[in-house]
There are 2 protein chains.
Amino acid sequence: MSAPTERVTIKDVAAAAGVSKGAVSLAFNHKPGVSEATRERIFAVARELGWAPNSSARSLSRQSVDAIGLAICRPARLLGLEPFYMEFISGIESVLAERSCSLLLRLVGSLEEEIHLQQRWWRERQVGGSVLVDFHQDDPRLDPLGGIGLPAVAVGHPSLTGGLPSVWTDDATAVAEAVRYLVALGHRRIARVGGPAGLGHSAIRAAAFERTMADLGLDGGLHLETGFSGEEGARATRSLLLASERPTAIVYDNDIMAVAGLGVAAEMGVAVPDELSLLAWDDSQLCRLTHPTLSAMSHDVHGFGAQVARMLFDVIAGQDVPSRPVTTPSLVPRASTAPAPPAG
Amino acid sequence: MSAPTERVTIKDVAAAAGVSKGAVSLAFNHKPGVSEATRERIFAVARELGWAPNSSARSLSRQSVDAIGLAICRPARLLGLEPFYMEFISGIESVLAERSCSLLLRLVGSLEEEIHLQQRWWRERQVGGSVLVDFHQDDPRLDPLGGIGLPAVAVGHPSLTGGLPSVWTDDATAVAEAVRYLVALGHRRIARVGGPAGLGHSAIRAAAFERTMADLGLDGGLHLETGFSGEEGARATRSLLLASERPTAIVYDNDIMAVAGLGVAAEMGVAVPDELSLLAWDDSQLCRLTHPTLSAMSHDVHGFGAQVARMLFDVIAGQDVPSRPVTTPSLVPRASTAPAPPAG
DNA sequence: AGCCCCTGATGAACCGGTAAAGCTCCGATG
DNA sequence: CATCGGAGCTTTACCGGTTCATCAGGGGCT
């Protein structure tokens with residue numbers, strides 16, 4: 001016995017206000033064609049009846065959708081720990097809210113799954129456009145999604161996103177800053193614990209790391225790839241610290257792995273920062289909660305998301321949008337980095 | 001010069017297959033009325049043309065929507081660190097995906113905002129129903145949302161959710177288990193760092209904490225309220241450890257605050273677990289990354305989300321759904337809890 | 001007075017599906 | 001052999017909006 005759910009439609013409002021459907025539509029969309037008096041009467045009636053235009057009907061008629069899609073392809077257990085995404089989403093939403101647009105979120109298990117999902121979303125017109133994240137080198141999504149006309153904004157360096165309008169952070173420059181900072185502190189054996197090599201931005205950071213180290217005349221070969229999880233960060237750190245010539249500084253690709261690294265150092269009795277400096281990436285609140293607090297490469301993830309959303313709206317509006325970087329991550333030194341221990 | 005975007009509609013498919021719109025609709029919805037041969041021909045044509053039914057049109061016609069809403073009212077910075085939500089969402093989505101239903105996610109700044117949002121979502125039929133989370137005592141959402149016919153499932157103890165079908169974890173029992181465990185280890189001065197008192201489940205845990213302590217003849221007054229953030233967890237821990245008679249064990253309301261507590265203990269030179277035992281809540285991966293690793297009250301958040309989604313579908317289907325608990329969190333002892341130090 | 005134009009409104013067509021009623025043909029039945 | 005029933009489609013009427021052509025009425029101009 002579900003409630004009758006008295007559906008109020010535009011017709012009811014029109015009847016109650018003594019005008020035609022068309023007039024109600026004009027009034028609600030703030031278009032000319034109705035007098036101020038009529039408009040107000042219509043609004044009053046609509047409020048009284050608790051009416052709001054049915055979004056399916058509006059979409060159908062207008063041939064447009066007020067929703068955008070975001071599919072994230074990482075295990076949920078990992079995502080929960082990545083402060084990045086929620087912050088990023090919140091940035092997107094800050095822009096969506098202004099335009100009363102909604103975010104369709106989906107966690108997918110593979111890029112193939114994402115391809116199918118995005119195709120479906122677009123064919124069924126469930127979304128007006130999509131945000132694509134986590135680009136790989138030769139990303140398999142580019143071909144299938146490039147051709148179908150889906151308006152999209154890519155998050156990632158233009159070298160990865162195959163001509164899609166993109167927003168990215170200049171990770172190469174940030175990596176260089178991180179390395180130079182550690183070198184200035186006297187570190188010579190610097191390691192890096194990165195994300196999966198297939199992931200575009202990990203590769204970019206890896207390359208920048210090697211290059212910067214080489215430029216400074218140091219050995220840049222000391223970097224490990226992980227799957228971004230804390231556990232893998234811990235394992236990587238453990239193996240680095242067990243090496244015969246262990247590094248005096250480690251740069252991580254996210255906060256979680258840095259926290260894990262800190263745990264491993266403590267477990268192995270390696271003093272941070274006296275014997276080992278650690279540098280995190282993203283700089284979530286987590287970095288301020290550990291002891292010692294974690295130095296980090298910090299950036300405005302919220303603003304990043306907002307920028308992406310704004311650009312997507314432009315793309316949907318049919319504008320020709322140039323790719324552009326957002327502000328480069330910058331170093332926030334805290335207690336986990338210190339001058340290198342005297343060579344021993 | 002946006003692409004012409006040749007919109008393929010059911011009419012095109014019908015024409016190409018040499019049948020009527022109706023036949024295509026029947027075929028695609030797996031309803032009787034078309035022969036097997038025709039059905040296959042229609043599918044072949046649809047695949048070739050890359051057609052999928054327009055979701056707005058379908059919603060409009062069917063008077064139903066294949067999306068559900070979730071609004072979360074916590075600061076984004078905090079959410080990112082709460083592994084709970086992503087895991088919860090992923091649980092919801094595991095069920096939605098089976099029914100090709102989408103999740104509309106919104107981060108809101110206040111419960112008032114959520115009320116407006118949910119009302120709009122429902123009036124505009126953007127969602128078929130909603131998941132309501134983070135119930136407060138005398139929650140302001142109950143009145144405005146109860147009356148409008150929005151199908152909803154509440155996450156929270158029935159005492160908080162005003163007659164809405166609910167799913168909840170038996171926090172009271174879990175708190176009791178936590179306390180008894182610590183007491184069994186010899187702890188007598190046990191503190192609790194909880195969430196905001198207004199939040200229903202915090203209140204329930206607080207009450208259960210006091211009651212259990214009282215039952216055991218101990219002082220249950222030692223609990224602090226926070227806003228769930230790591231920083232507040234750190235502050236609370238600091239104040240507890242500075243007290244004249246400091247606790248020998250602390251129970252936290254989430255993982256992040258426990259991690260922060262661990263940081264504070266280290267900073268103050270209080271040995272964990274020798275001088276102080278810490279117990280986290282939720283048991284995300286984070287608990288295994290610190291040193292020492294964190295004992296925690298663990299539960300299946302993914303399954304929790306799935307359960308909620310399943311129930312919401314039943315509600316939307318018009319069934320009369322009984323509220324029910326999911327499995328009670330259970331203790332996972334790790335390295336942060338140990339026998340109480342000898343009284344001194 | 002006759003004409004034009006502008007404002008404020010109406011009515012019908014349309015968006016792309018679904019659903020129910022209607023129509024055809026065919027084999028089975030009395 | 002007329003009749004009935006059902007399988008297999010088609011037709012048509014919605015769903016609840018938007019949009020556009022049309023129209024009535026009133027004021028200003030010649």
Side-chain angles (χ1 to χ4, degrees), chain A residues 5-43 45-46 49-67 100 120-128, chain B residues 4-43 45-46 49-67 100 120-126 128:
Chain A
T5 312
E6 37 21 280
R7 295 186 160 265
V8 183
T9 76
I10 198 173
K11 213 189 298 184
D12 304 318
V13 176
V19 295
S20 67
K21 290 200 319 179
V24 176
S25 178
L26 292 176
F28 251 73
N29 292 299
H30 299 99
K31 296 195 175 174
V34 280
S35 68
E36 194 51 41
T38 311
R39 184 187 309 279
E40 277 174 19
R41 186 155 38 92
I42 290 173
F43 273 110
V45 169
L49 266 52
W51 176 78
N54 178 304
S55 70
S56 303
R58 190 161 13 111
S59 297
L60 181 58
S61 191
R62 285 202 192 150
Q63 307 268 69
S64 73
V65 197
D66 49 355
S100 35
R120 206 164 58 75
W121 270 352
W122 177 237
R123 287 205 187 125
E124 299 184 349
R125 293 297 189 277
Q126 285 209 61
V127 300
Chain B
T5 311
E6 40 16 284
R7 296 186 158 266
V8 183
T9 75
I10 197 172
K11 213 189 300 184
D12 304 318
V13 175
V19 294
S20 69
K21 291 200 318 176
V24 177
S25 177
L26 290 176
F28 252 74
N29 293 298
H30 298 99
K31 294 195 178 175
V34 279
S35 67
E36 195 51 42
T38 312
R39 185 188 307 278
E40 277 174 19
R41 185 155 38 92
I42 291 174
F43 273 111
V45 169
L49 266 51
W51 176 79
N54 179 303
S55 69
S56 303
R58 190 162 12 111
S59 296
L60 182 57
S61 189
R62 282 202 194 153
Q63 308 267 68
S64 73
V65 197
D66 50 354
S100 36
R120 205 164 59 75
W121 271 351
W122 178 237
R123 287 204 186 127
E124 300 184 349
R125 293 296 188 277
Q126 286 210 59

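Within every chain, numbering begins at 1; the chains are lettered A, B, ... in the order of the sequence lines, protein sequences first and strands thereafter. All heavy atoms count here, side chains included; hydrogens, waters and symmetry mates do not. This one's a predicted model, so the numbers in the text were calculated from it and none came from an experiment.
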Seminar exercise, completed: Rounded to 10°, the helix from C:dA1-D:dT30 to C:dG30-D:dC1 deviates from straight, judged by its five-pair end axes, by 60°
From C-beta outward on [X], which listed nucleotide comes closest to its side chain: [options]?
X: A:Thr9; options: D:dG17, D:dT11, D:dT18; value: D:dG17
X: B:Arg58; options: C:dT18, C:dG16, D:dT18; value: C:dT18
X: A:Leu26; options: C:dG17, C:dT10, D:dG17; value: C:dT10
X: A:Ala57; options: C:dA19, C:dG17, D:dG16; value: D:dG16

Nearest atoms (heavy-atom pairs only) where [X] meets [Y]:
X: A:Val65; Y: A:Gln126; value: CG1-O, 3.4 Å
X: A:Thr9; Y: A:Trp51; value: C-NE1, 3.4 Å
X: B:Arg120; Y: A:Ser100; value: NH2-CB, 3.6 Å
X: B:His30; Y: B:Phe43; value: NE2-CZ, 4.0 Å
X: A:Trp122; Y: A:Gly128; value: CZ3-O, 3.9 Å
X: B:Val13; Y: B:Val45; value: O-CG1, 3.8 Å

Exercise. Roughly how far, to the nearest 0.5 Å, is CD1 of B:Ile10 from CD1 of B:Ile42?
Worked result: 9.0 Å
Problem set entry | From B:Leu60 atom CG to A:Ser55 atom OG, the distance as rounded to the nearest 0.5 Å | 9.5 Å
Between [atom2] of [N] and [atom1] of [X], the distance in whole Å:
X: B:Asp12; N: C:dG16; atom1: CG; atom2: P; result: 9 Å
X: A:Ile42; N: C:dT10; atom1: CD1; atom2: C1'; result: 12 Å
X: A:Arg62; N: C:dG16; atom1: CZ; atom2: P; result: 16 Å
X: A:Asp66; N: D:dG17; atom1: CG; atom2: C1'; result: 13 Å
X: B:Asn54; N: C:dC14; atom1: CG; atom2: P; result: 18 Å
X: B:Glu40; N: D:dG8; atom1: CD; atom2: C1'; result: 16 Å
X: B:Glu36; N: D:dC9; atom1: CD; atom2: P; result: 11 Å
X: B:Ile10; N: D:dT10; atom1: CD1; atom2: P; result: 12 Å

Give a yes/no answer on whether the side chain of [X] brings an N or O atom under 4.0 Å of OP1 or OP2 in [N].
X: B:Gln63; N: D:dG16; value: yes
X: B:Ser56; N: C:dG17; value: no
X: A:Ser35; N: C:dA9; value: yes
X: A:Asn29; N: D:dT18; value: yes
X: A:Trp51; N: D:dG16; value: no

Exercise. Using a cut-off of 4.0 Å on non-hydrogen atoms, how would the nucleic acid contact of B:Ser59 be classed: base, sugar-phosphate, or nothing?
Worked result: nothing
For this session: Name the nucleic acid region contacted by A:Val24, choosing base, sugar-phosphate or nothing; use a 4.0 angstrom heavy-atom cut-off, strictly under.
Result: nothing
For this session: Map B:Lys31 and A:Leu60 onto DNA chain C by nearest heavy atom, then report which one ends up closer to the 5' terminus.
Result: A:Leu60
For this session: State whether the distance check finds a donor on one side and an acceptor on the other, under 3.5 Å, for side chain A:Ser61 versus base D:dG17.
Result: yes
For this session: Would you state whether a donor and an acceptor, one from the side chain of B:Lys21 and one from the base of C:dG17, lie under 3.5 Å apart?
Result: yes
